[in-house]
Asks: 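Have a look at this one before I ask anything.
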Amino acid sequence: AKLIGSDTYNLYKHEMRLDIHEKFHIENDLRRALEKNEFSLLFQPQYHIATNQYCGEEVLVRWDHPLEGLISPDRFITIAEETGLITSIGKWVLQQACLQKKIWIEKGLPEVPISVNLSLRQFLQQSIVEMVAEVLEESELPPHLLKIEVTESVMIDLDRTSTVVKQLLALGVKISLDDFGTGYSSLQYINQLPVHELKIDQTFVAGIGKGKQAEEIISMIIQLAHSLSISVVAEGVETKEQLLYLTQNNCHKIQGYYYSKPLTGNDFELFMNGLQ
Ligand code: C2E
Ligand code: CA
Ligand code: CA
Ligand code: CA
């Protein structure tokens, strides 16, 4: 089979409307990627500010394309969703994440949750709850060690979303609201659903030290989390100044290059062993 060339990949980058012919190529390419095991996972640790402790990690998928090299999820998740391939890719990611976590627990790493991203399309699939339940059972990972990150865009259908979130919570998994503050119905969402965690979007974190606007929003989100007794994590933390601001404003957890980049499984283990 002919691999698609760089022209087609420029389309990934520019998120242009793809014609049927181009979509067909990319779809085949993604299908082949699944068969040939071209996907891999990176793990980015999270860090509890008050105790100085590692407190979890987020799983970030990568596509190691034979011609293009590492492709970031921003460039293929949307296409995977449009072609329906997100179902298989998403299940593979969850399986690998749960199996990896199980191994790390058995090796004696701390019993803190692993966070996995689910996109809107995945969330709205009829069988999503069954899929999660099945993967948990197969991997024998205790459900409280799995955290599911959902972005606010799932708010498009609050009724459907509430039902799914409640069923997932009933399985014993944790729920984190990703990119908090970037959507339009954040408050309605946390008003209706008992989520465990809010993730302050990195665009706000990037604004720390650059004027009052972003800082006010961040401190408001942190206060909100405190008054609702839920956990709050800031993502995309890159500088000491950002960490200082978040510490002074009582943010619980941070994730970002300041602490660690996303790491391969092996590097993650080395990093963790260095900490212990
Ligand atoms: P996200 O969930 O908001 O993930 C955070 C993104 O910020 C990641 O990009 C991460 O690598 C990057 N990041 C982490 N620390 C820093 C930092 O200090 N500075 C900056 N500038 N960036 C940082 P990545 O890995 O390219 O993922 C992009 C998006 O793709 C994710 O955004 C998430 O929405 C989606 N994604 C990733 N993995 C999966 C997956 O397995 N399934 C689904 N459905 N979506 C995924
Ligand atoms: Ca995320
Ligand atoms: Ca995020
Ligand atoms: Ca994001």
Side-chain angles (χ1 to χ4, degrees), residues 12-13 15 30 33-34 38-47 56-64 69-98 100-101 113-125 128 131-132 135 146-154 174-183 186 195-208 218 221 231-243 246 253-265 267-268 271:
Y12 284 56
K13 284 168 195 158
E15 286 187 42
L30 273 171
L34 262 170
E38 287 169 16
F39 295 106
S40 62
L41 302 184
L42 295 181
F43 305 86
Q44 188 175 34
Q46 295 176 343
Y47 174 86
E57 64 277 330
E58 178 177 10
V59 172
L60 298 156
V61 68
R62 293 291 180 269
W63 177 8
D64 194 0
L70 274 194
I71 301 178
S72 104
D74 283 334
R75 286 173 58 202
F76 66 86
I77 293 288
T78 311
I79 296 166
E81 291 187 319
E82 284 172 2
T83 56
L85 284 167
I86 194 68
T87 307
S88 319
I89 298 171
K91 185 171 184 182
W92 182 87
V93 168
L94 192 67
Q95 282 172 326
Q96 296 306 307
C98 291
Q100 178 66 85
K101 189 71 195 179
I114 189 159
S115 297
V116 177
N117 290 285
L118 285 192
S119 61
L120 174 64
R121 284 288 176 97
Q122 292 175 277
F123 217 73
L124 294 180
Q125 277 166 3
I128 185 70
M131 191 276 274
V132 173
V135 171
L146 175 63
K147 191 180 284 172
I148 291 175
E149 293 196 0
V150 288
T151 60
E152 272 190 78
S153 55
V154 299
K174 299 214 156 67
I175 303 282
S176 174
L177 200 45
D178 204 357
D179 301 344
F180 189 78
T182 61
S186 334
V195 300
H196 295 90
E197 180 182 271
L198 302 182
K199 277 191 105 165
I200 302 172
D201 192 68
Q202 53 185 274
T203 53
F204 299 127
V205 175
I208 292 174
I218 289 173
I221 295 175
S231 184
V232 56
V233 46
E235 67 178 10
V237 178
E238 294 181 357
T239 68
K240 198 171 183 104
E241 184 188 13
Q242 291 166 349
L243 174 64
L246 293 162
K253 297 181 263 181
I254 62 153
Q255 179 185 342
Y257 299 162
Y258 183 78
Y259 183 49
S260 168
K261 295 210 163 185
L263 304 168
T264 63
D267 287 348
F268 188 86
F271 184 76

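Model, not experiment: these values are computed from the prediction. Quick note: numbers below take in every heavy atom, side chains included, and nothing from hydrogens, waters or symmetry partners. Atoms within each ligand, like the ligands themselves, are counted from 1 in listed order.
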Asks: Check R121 with E82, please: is the shortest side-chain N to carboxylate O separation under 4.0 Å?
Replies: no
Asks: Taking 4.0 Å as the limit for heavy-atom contacts, which would you say applies to P262 with ligand 1: side chain only, backbone only, both, or neither?
Replies: side chain
Asks: Against heavy atoms of D74, which atoms of ligand 1 measure under 4.0 Å?
Replies: 28 (C), 29 (C), 30 (O)
Asks: Counting only heavy atoms, tell me which of V93, N117, V150, T151 gets closest to atom 46 (C) of ligand 1.
Replies: N117
Asks: Looking only at heavy atoms, is any part of D178 under 4.0 Å from ligand 1, and if so is it the side chain, the backbone, or both, or is it neither?
Replies: side chain
Asks: Nearest 0.5 angstrom please: D178 CG to L198 CG, how far?
Replies: 10.5 Å
Asks: If you apply the rule salt bridge (charged side-chain N to carboxylate O under 4.0 Å, His left out), what do you find for E197 with K147, and how did you get there?
Replies: CA-CA 9 Å; E197 180 182 271; K147 191 180 284 172; 2.6 Å; yes
Asks: Give the atom numbers and elements of ligand 1 that come within less than 4.0 Å of a heavy atom of S119.
Replies: 44 (N)
Asks: Under 3.0 Å from the Ca ion (ligand 2), which protein N, O or S atoms are there? Could you list them by chain and number?
Replies: E58 OE2, N117 OD1, E149 OE1, D178 OD2
Asks: Against heavy atoms of V61, which atoms of ligand 1 measure under 4.0 Å?
Replies: 38 (N), 39 (C), 40 (C), 41 (O)
Asks: Ring pair (Phe, Tyr, Trp, His ring centres under 6.0 Å) with F204: which residues, sequence neighbours excluded?
Replies: none
Asks: Just to verify, what does Y257 make a ring pair (Phe, Tyr, Trp, His ring centres under 6.0 Å) with, not counting sequence neighbours?
Replies: none
Asks: Does any part of the side chain of L94, heavy atoms only, come nearer than 4.5 Å to the side chain of L146, both counted from C-beta?
Replies: yes
Asks: Given that the side chain starts at C-beta and the backbone is N, CA, C, O, which of these parts of Q255 lies under 4.0 Å from ligand 1, counting heavy atoms, or is it both or neither?
Replies: neither
Asks: Could you pull out all residues at least two apart from Q122 that satisfy side-chain hydrogen bond (donor to acceptor under 3.5 Å, both in side chains)?
Replies: S119
Asks: What I want to find out is whether K199 reaches E58 closely enough, with some N-O distance under 4.0 Å, to be called a salt bridge.
Replies: yes
Asks: Would you mind telling me if ligand 1 is within reach of the side chain of D179, the backbone, both or neither, using heavy atoms under 4.0 Å?
Replies: side chain
Asks: Using a strict cut-off of 4.0 Å, indicate which atoms of ligand 1 neighbour a heavy atom of G256.
Replies: 15 (N), 18 (O)
Asks: Indicate, as side chain, backbone, both or neither, the part of K261 found under 4.0 angstrom from ligand 1 when only non-hydrogen atoms are considered.
Replies: neither
Asks: Specify the closest pair of heavy atoms between A80 and I89, including all atoms of both residues, with the distance to one decimal.
Replies: CB-CD1, 3.8 Å
Asks: Short question: side chain of R62, backbone of S40 - any donor-acceptor pair under 3.5 Å?
Replies: no
Asks: Could you tell me whether a side-chain N or O of Q242 sits under 3.5 Å from a main-chain N or O of E238, the two making a donor and an acceptor?
Replies: yes
Asks: F39 and F76: ring-ring contact (aromatic ring centres under 6.0 Å, His included), yes or no, with the steps?
Replies: CA-CA 11 Å; F39 295 106; F76 66 86; 5.6 Å; yes
Asks: Relative to atom 13 (N) of ligand 1, which among Y259, Y258, Y257, F39 owns the nearest non-hydrogen atom?
Replies: Y257
Asks: Under 4.0 Å from a heavy atom of Q44: which atoms of ligand 1 are those, numbered in the order shown and with their elements?
Replies: 14 (C), 15 (N)
Asks: Under 4.0 Å, heavy-atom basis, I'd like to know which part of Q122 is in contact with ligand 1: side chain, backbone, both or neither.
Replies: side chain
Asks: Within a distance under 4.0 Å of any heavy atom of E58, pick out the atoms of ligand 1 and give their elements.
Replies: 2 (O), 4 (O)
Asks: Answer yes or no: is there a donor N or O on one side and an acceptor on the other, between the side chain of Q44 and the main chain of S260, under 3.5 Å?
Replies: yes
